[in-house]
Colleague: 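Dropping the structure in here first, questions after.
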Amino acid sequence: MPDADSNAPSNFIKDIIDEDLKNNRNDGRVHTRFPPEPNGYLHIGHAKSICLNFGLASGYKGLCNLRFDDTNPCKEESEFVEAIKRDVQWLGFDWADREYFASDYFEKLCQYAVELIKLGKAYVCGLSAEEIREYRGSLTRPGRESPHRDRPVEENLDLFQRMRDGEFEEGTCLLRAKINMASPNINMRDPAIYRIIKTPHHRTGDKWRIYPMYDFAHCLSDSIEGITHSICTLEFEDHRPLYDWYLDELKVKCRPRQIEFARLNLSHTIMSKRKLMELVQEGLVSGWDDPRMPTLAGLRRRGFTPESIRDFCERIGVAKADSMVDVALLEHCLREDLNKRALRVMAVLRPLRVVIENYPEGKVEEMDAENNPEYPGAGARKVPFSRVVYIELDDFREDPPRNFFRLAPGREVRLKHAYYIKCEKVIKDERTGEVVELRCTYDPESRGGWTNDGRKVKGTSHWVSAGHSLEAEVRLYDHLFTSPNPDAEKAADYKTLLNPNSLNTLASCRVEPSLAGAVPGSHYQFLRQGYFCVDPDSSNGKLVFNRTVSLRDTWGKVEKKKN
RNA sequence: AGGGGCGUCGUCAAGCGGUAAGACUCAGGAUUUUGGAUCCUGCAUUCGGAGGUUCGAAUCCUCCCGCCCCUGCCA
């Protein structure tokens, strides 16, 4: 049996494919497709589908097409087509030359519609939208048949042609499938096949005035492309009978099979394209690529790697039960990846000035610093050390709590890669009482951060030399929403659930000089703090970093518990 | 109420009649020149519930309960 991805876990879809292969369906071919509608940006939920479809194809040595489902010109734009291609590519998948559009098939689809009319299985209905709704019945009551349901084929053909020619106004008539108005499945109550839309299409311009509905276009597009397994989300389960009906009635050669799986829900965020669009349009975020957004563009800008997202998609599995995945898993995948690849560097986010009184004025030493302890091949660099340095405000406490082993009056701490320093004196702002500077002494014997006299210096602080460091802006991010499941909060509008502290900009951070000229998109670990990446907002003189994700912080947890 | 689905640890998720994988989270501990990383250990006597079949049931049967989706000329 042509086995799927060896390391990827199995799932019910693979079981189905295995079974199909065993029964020699589709001559042993496996051909999938990822079919986005270009009406917004791709998000992490789409990533699940992309990984699934492309992953299945490669696992079975098959193919996966990229197909834009562009059957509604009112909502779709070329900007989204370009963004989607960029994102799929970035995620690491290649559709080669199989880039298709449902709009490529408009002529063919129209012929199929004509065919259906000739078969007596479709008719032009002149009921208004409200009438159609009324005729449809309800969940419990069957619908009623349209008075136009039994129009002769010739008349339907003529009317449909005139719809196509643009003779009728929008909403005046539509082509419907003649199925069963009493079906318990509402999708089968004579669904619309073609409607009149006079808005120009982003690809075909004003060539068409009628557009096919999703159910009609999708199954036939799949068939035209030779798709064997058409994988979609759960809400289309009810549409499967219709998917099959069109293919059966039209007796197509290629019979794809639709399989539904549960879409991804991620805690502390939302996945609805409509809502994400609203956040963008109302300026609640800076754009589709705002680093707080669950969009692939946002995650990329935030500093997520494609590898970590693919790993995540593999770990969450594929099933049919509605689920809510904890964002902590995504963050775990990210840290695991970044830990291996990010260069370590020192940056002080909230600087506290430290003067080392016994260190010679004007002296500068170049300290050796490894770039990544996880990977010696990453090499080392020199970091300048001098009499005045900055340490993290948080690494000093005038009145240290229990188990705090950082700096405090009279205490000694190690400056990573440099020396032990001891706090001799605390200088405060006379008016506010705020600590503004520390006076310390260093131990010349501790160069490199170690002595062999058995001294136990447990605390290690990162630092930068005041005179050599560069100024930088650092953007700290937190969950976009305070609620773990914004969609489930029945009482509140999701916008009121936005986290007011999801962005915290620190304008006066100091970073080590080796960061000069760091390229947008590059990843670093700011020692002891987290993973950061260079934001495209950076310019020659001004570095801007995004905190991708913090490091695990066991001390922070201990402190939080106490409070 | 009609139809379609789904219910296994806090969260995902294996399991397909032979006696509950794994991951994340969480809690302990070891180790550590990042309170990082790494490494150990612990965490479902029970699978929505109740009956039944069987030597044996999360897996099969019956009934019940709960959750999700469907009445766009959206996808």
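Naming convention: chains lettered A, B, ... in sequence-line order (proteins, then strands); numbering from 1 in each chain.
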Colleague: If B:G18 has a Watson-Crick or G-U wobble mate with both distances under 3.5 Å, name it; if not, just say none.
Modeller: B:C55
Colleague: Of all of residues 67-79 of chain A, which get a heavy atom below 4.0 angstrom from RNA chain B, listed by number?
Modeller: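 Only A:D69, A:T71, A:N72, A:K75 qualify.
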Colleague: Sticking with atom C1', work out how far B:G42 lies from B:C24, rounded to a whole angstrom.
Modeller: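 Roughly 16 Å separates the two C1' atoms.
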Colleague: Counting Watson-Crick and G-U wobble pairs only, both distances under 3.5 Å, name the nucleotide matched with B:U62, or none.
Modeller: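 Base partner found: B:A50.
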Colleague: Give none if B:G2 has no partner; otherwise give the nucleotide forming a Watson-Crick or G-U wobble pair with it, both distances under 3.5 Å.
Modeller: B:C70
Colleague: Look at all strands and tell whether A:N39 reaches a base, only sugar-phosphate, or nothing, counting heavy atoms closer than 4.0 Å.
Modeller: nothing
Colleague: What distance, rounded to whole Å, do you find between the two P atoms, one in B:G28 and one in B:G36?
Modeller: 14 Å
Colleague: Suppose you measure atom P in B:A27 against the same atom in B:C67; what distance do you get, rounded to whole Å?
Modeller: 32 Å
Colleague: Does A:R133 reach a base, just sugar-phosphate, or nothing at all? Heavy atoms under 4.0 Å.
Modeller: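 Sugar-phosphate contact only - A:R133 comes under 4.0 Å of backbone atoms but never of a base.
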Colleague: How is A:L242 classified with respect to the nucleic acid when contacts are heavy atoms under 4.0 Å: base, sugar-phosphate, or nothing?
Modeller: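 Since no nucleic acid heavy atom lies under 4.0 Å of A:L242, the category is nothing.
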Colleague: Looking across every strand, which nucleic acid part, if any, lies under 4.0 Å from A:Y211 by heavy atom: base, sugar-phosphate, or nothing?
Modeller: nothing
Colleague: Considering only NZ, NE, NH1 and NH2 on the basic side and carboxylate oxygens on the acidic side, decide whether A:R341 and A:D337 come within less than 4.0 Å.
Modeller: yes
Colleague: Mind checking if A:R344 touches a base, just sugar-phosphate, or nothing, with heavy atoms under 4.0 Å?
Modeller: base
Colleague: Measuring from A:E331:CD to A:D326:CG, what's the distance to the nearest 0.5 Å?
Modeller: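 Here the interatomic distance stands at 8.0 Å.
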Colleague: Closer to the 5' end of RNA chain B via nearest nucleotide, is it A:R315 or A:S461?
Modeller: A:R315
Colleague: Check every strand shown and say whether A:F236 touches a base, only sugar-phosphate, or nothing at a heavy-atom separation below 4.0 Å.
Modeller: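 Here A:F236 touches the bases of the nucleic acid.
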Colleague: Using ring-ring contact (aromatic ring centres under 6.0 Å, His included) as the criterion, list what pairs up with A:F385, not counting sequence neighbours.
Modeller: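 By the ring-ring contact (aromatic ring centres under 6.0 Å, His included) rule, A:F385 matches A:Y359, A:Y419, A:W463.
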Colleague: Considering every strand and a 4.0 Å limit on heavy-atom distances, what is the contact class for A:G143: base, sugar-phosphate, or nothing?
Modeller: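 Result for A:G143 = nothing.
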Colleague: If each of A:L415 and A:K557 is mapped to the nucleotide of RNA chain B with the nearest heavy atom, which maps nearer the 5' terminus, i.e. the 5' end?
Modeller: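 This one resolves to A:K557.
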Colleague: Scan every strand shown for a Watson-Crick or G-U wobble partner of B:C26, both distances under 3.5 Å, and answer none if you come up empty.
Modeller: B:G42
Colleague: Nucleotide range of RNA chain B contacted by chain A, 5' to 3', under 4.0 Å to a heavy atom?
Modeller: B:A1 to B:A75
Colleague: Once you apply a heavy-atom cut-off of 4.0 Å, does A:V318 come out as touching a base, just sugar-phosphate, or nothing?
Modeller: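 Sugar-phosphate, backbone atoms only, no base.
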Colleague: Step through it carefully: locate the ring centre of A:Y246, locate the ring centre of A:F216, and say whether they are under 6.0 Å apart.
Modeller: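 Yes, the ring of A:Y246 comes within the 6.0 Å limit of the ring of A:F216, centre to centre.
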Colleague: Would you call A:E167 and A:R209 a salt bridge, using N to O less than 4.0 angstrom?
Modeller: no
Colleague: Which part of the nucleic acid does A:R552 contact within heavy-atom distance under 4.0 Å: base, sugar-phosphate only, or nothing?
Modeller: sugar-phosphate
Colleague: Taking only residues two or more places apart in sequence, or in another chain, which ones meet A:S469 in a side-chain contact (heavy atoms from CB on, under 4.5 Å)?
Modeller: A:Y390, A:V464, A:R510
Colleague: Taking the C1' atom of each, how far is B:C39 from B:U31, in whole Å?
Modeller: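 Each nucleotide's C1' atom is 8 Å from the other's.
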Colleague: Supply the atom-to-atom distance A:I259 CD1 to A:I17 CD1, rounded to the nearest 0.5 angstrom.
Modeller: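 A:I259 atom CD1 to A:I17 atom CD1 measures 5.5 Å (nearest 0.5 Å).
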Colleague: Looking at B:U33, which nucleotide sits across from it as a Watson-Crick or G-U wobble partner, both distances under 3.5 angstrom, or is there none?
Modeller: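 Its partner is none (no Watson-Crick or G-U wobble pair with both distances under 3.5 Å).
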Colleague: Using a 4.0 Å heavy-atom cut-off, does A:E237 contact any base of the nucleic acid, only the sugar-phosphate backbone, or nothing at all?
Modeller: sugar-phosphate
Colleague: Quick one: salt bridge (Lys or Arg N to Asp or Glu O under 4.0 Å) partners of A:E225, sequence neighbours excluded?
Modeller: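 With neighbours one apart ignored, the set is A:R67.
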Colleague: Assign A:A321 to base, sugar-phosphate, or nothing according to its heavy-atom contacts below 4.0 angstrom with the strands shown.
Modeller: sugar-phosphate
Colleague: If you measure from the C1' atom in B:C9 to the same atom in B:G22, how many Å do you get, rounded?
Modeller: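 Looking at atom C1' only, B:C9 and B:G22 are 12 Å apart.
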Colleague: When syn is taken as a glycosidic angle within 90 degrees of 0, is B:G72 syn or anti?
Modeller: syn
Colleague: With a 4.0 Å cut-off on heavy atoms, is A:T460 in touch with a base, just the backbone sugar-phosphate, or nothing at all?
Modeller: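 Sugar-phosphate only.
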Colleague: If we take the C1' atom in both B:C16 and B:A20, what is their distance in whole Å?
Modeller: 14 Å
Colleague: Pick the C1' atom in B:A44 and in B:C40, then give their distance to the nearest Å.
Modeller: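 Those two atoms are separated by 22 Å.
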Colleague: Base, sugar-phosphate, or nothing for A:I316, non-hydrogen atoms under 4.0 angstrom?
Modeller: sugar-phosphate
Colleague: So, A:D453 and A:T451: side-chain donor and acceptor under 3.5 Å apart, yes or no?
Modeller: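 Their side chains do contain a donor-acceptor pair, which is all the 3.5 Å distance test asks for.
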Colleague: Do the charged groups of A:K422 and A:E412 touch, with an N to O distance under 4.0 Å?
Modeller: no
Colleague: Distance between the P atoms of B:C61 and B:U53, in whole angstroms?
Modeller: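 Result for the P pair: 15 Å, nearest Å.
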Colleague: Under 4.0 angstrom, heavy atoms only, what part of the nucleic acid is A:P241 near: base, sugar-phosphate, or nothing?
Modeller: nothing
Colleague: Any luck finding a side-chain donor-acceptor pair between A:S230 and A:R33 under 3.5 Å?
Modeller: yes
Colleague: Run the ring-ring contact (aromatic ring centres under 6.0 Å, His included) test against A:Y100 and tell me which residues pass, sequence neighbours left out.
Modeller: none
